Structures are given as structure tokens and as C-alpha cells.
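Note that this is a predicted model, so its numbers are computed, not measured. Note that ligands are numbered from 1 as they come in the structure, with each ligand's atoms numbered from 1 the same way.
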Amino acid sequence: MRKLRLAVLISGRGSNLQSLIKACADPEFPAEIALVLSNKTDASGLEKAAKAGIATAIVSHTGFPNRADFDAEIDTVIRAHHPDLVCLAGFMRLLGATFVEAWHDRLINIHPALLPSFKGANAIGDALAAGVKVTGCTLHFVRAAMDSGPIIAQTAVPVHPGDDEAQLSARIRQAEHEIYPRAVRLIAEGRVRVIDEKTEIDDPK
Ligand code: GAR
């Protein structure tokens, strides 16, 4: 079986990366991680990748005069590892339209809210501030507009009375760690199609 090759892009802790590393450790899992790329030199996810024997790269956005040059450089680094799918896993840089279009339907992102609610970098704080009783996480194909694109999987997560951001984040992350490998498996098995900017999924479990 040829495995789907993943490039995982991170900016920090990399707990979603860790969930993918764990899934890929199963010989039956239909994907493998070819590269972990971080835009932050101190992202602790890089250690998780190195420990698992995965190739890592750091491309610091601070070294580039504009977004297009940074995007072009990460595109070059990613392509050198021949991935089939680019997985954003806590990658906290907006990617420009050229990059996003170049990876059309081969670029996915995890977001800590039930999109299209609570887009942006403060999704969990915004959900708490709005007083919602249920929030969650969304795995989606990436389009040029921030936190948009065909939804592959979502999990609802309850907000408990008195939750602070750390407590709610931890609960959402648990759900993320379950849906990310599940969605990658569905894509690797060819069960996800995008039709009219919505996904159709064969045999969703
Ligand atoms: C995750 O909760 C992910 O949903 C969020 O960053 C966290 C990364 O955690 N992403 C975004 O907010 C993107 N807009 P991790 O580094 O432990 O995987």
C-alpha cells in the first residue's frame, strides 16, 4: 500500500502533530509524515517530530520582507519532500492566495471552533465571551479567505459553567486529536470529494 505523504506545518506545541505521529505509528494507517515545518524556531512540536525520526525544517517568517516571499520559500521546502497533503496543525500564519491555490484540495487546517462561527486567532476566547454552551473543532480544506473552505469533519464540545480558556482549550484539543487522524485516514482512503465547495464523504464512521 502506498501511503499518503503528509507535510505538517506547526507554530508551537504540536499536540495535533503528536496525534498524527501516533496514528502514523500504526503500520495499517494509510499515511506517513514526510516533513514537519515550523515558522517558529522554538516550537516544541519540532522536538516531537525529531524524537519520532521525522525530517524537520524551520522557515522563520521574520526573515522575509513580505508574505509572498515567505509563502514561496515554504512551498519550495515542502515540495522537496514530495507530500500529497499539507496539514496545518496550529500553524499561526495566514497563507496567501497563491500558496493556497497551488495546494487546492491538498491543504487542510484544524480550527478550534465550529466554523463558520468564531474565525480568527482567538476562537476559544471569543466563544467564551459569547457565552455559547457548545463549541468544538473543525477540520477543513483551506481556501484563501481566513478559516474558510469545505468542511471535512467537526466535533461539538460542551462549554462547562466556569470554564476558563485553558480548560476549554484542553477539552477542544482532545476532540482535535481524534478528528485529525480520522480525517487524514478518510482522505488517504479516497473517501473525500469536494463538490460545489462542500465535501461528500463515503462511509463516514
Ligand atoms: C489547536 O487548538 C488548533 O486548533 C489551533 O491551535 C492549536 C494548536 O495546538 N489553531 C488555530 O487556532 C488556527 N486558527 P497544538 O500546537 O498543540 O496542535
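Using a non-hydrogen distance threshold of 4.0 Å, M92 registers as a contact of ligand 1. Residue contacts with ligand 1 include I110, since one or more of its heavy atoms lies under 4.0 Å from the ligand.
Ionic pairing of E47 and K51 is not present here: no N-O contact between side-chain nitrogen and carboxylate oxygen is shorter than 4.0 angstrom.
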Subject >> side chain to side chain contact (heavy atoms under 4.5 Å, CB included) between T199 and I151, worked out >> reply: CA-CA 6 Å; T199 62; I151 292 168; 5.6 Å; no
Original post:
Going through the checks in order, is the side chain to side chain contact (heavy atoms under 4.5 Å, CB included) test met by E197 and R143?
Top reply: CA-CA 10 Å; E197 287 301 86; R143 296 294 184 258; 2.7 Å; yes
**OP:** Begin from the C-alpha positions of I58 and L37 and carry the test side chain to side chain contact (heavy atoms under 4.5 Å, CB included) through to its verdict.
**Re:** CA-CA 6 Å; I58 300 168; L37 182 147; over 6 Å; no
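Considering R2, R5, K3 as possible partners of D84, the one that fulfils the salt bridge (Lys or Arg N to Asp or Glu O under 4.0 Å) test is R2. Tested against I179, the residues L139, T138, V184, I152 include a single side chain to side chain contact (heavy atoms under 4.5 Å, CB included) partner, L139. Residue F118 is tested with V132, I124, D147 for a side chain to side chain contact (heavy atoms under 4.5 Å, CB included); the sole match is V132.
Distance from atom 4 (O) of ligand 1 to its nearest protein heavy atom, with residue and atom name: E176 OE2, 2.5 Å. With respect to atom 5 (C) of ligand 1, the closest heavy atom belonging to the protein is P112 CD, 3.9 Å. Looking from atom 15 (P) of ligand 1 to the surrounding protein, the closest heavy atom is S15 N, 3.4 Å.
Considering both main-chain and side-chain atoms, N109 never comes within under 3.5 Å of ligand 1 through any nitrogen or oxygen pair. At a 3.5 angstrom cut-off on N or O pairs, G14 counts as close to ligand 1. At least one N or O atom of R13 sits closer than 3.5 Å to an N or O atom of ligand 1.
Closest heavy-atom approach to atom 7 (C) of ligand 1 within the set S169, G90, A121: this belongs to G90.
Those atoms of ligand 1 with a heavy atom of H111 less than 4.0 angstrom away are 4 (O), 14 (N).
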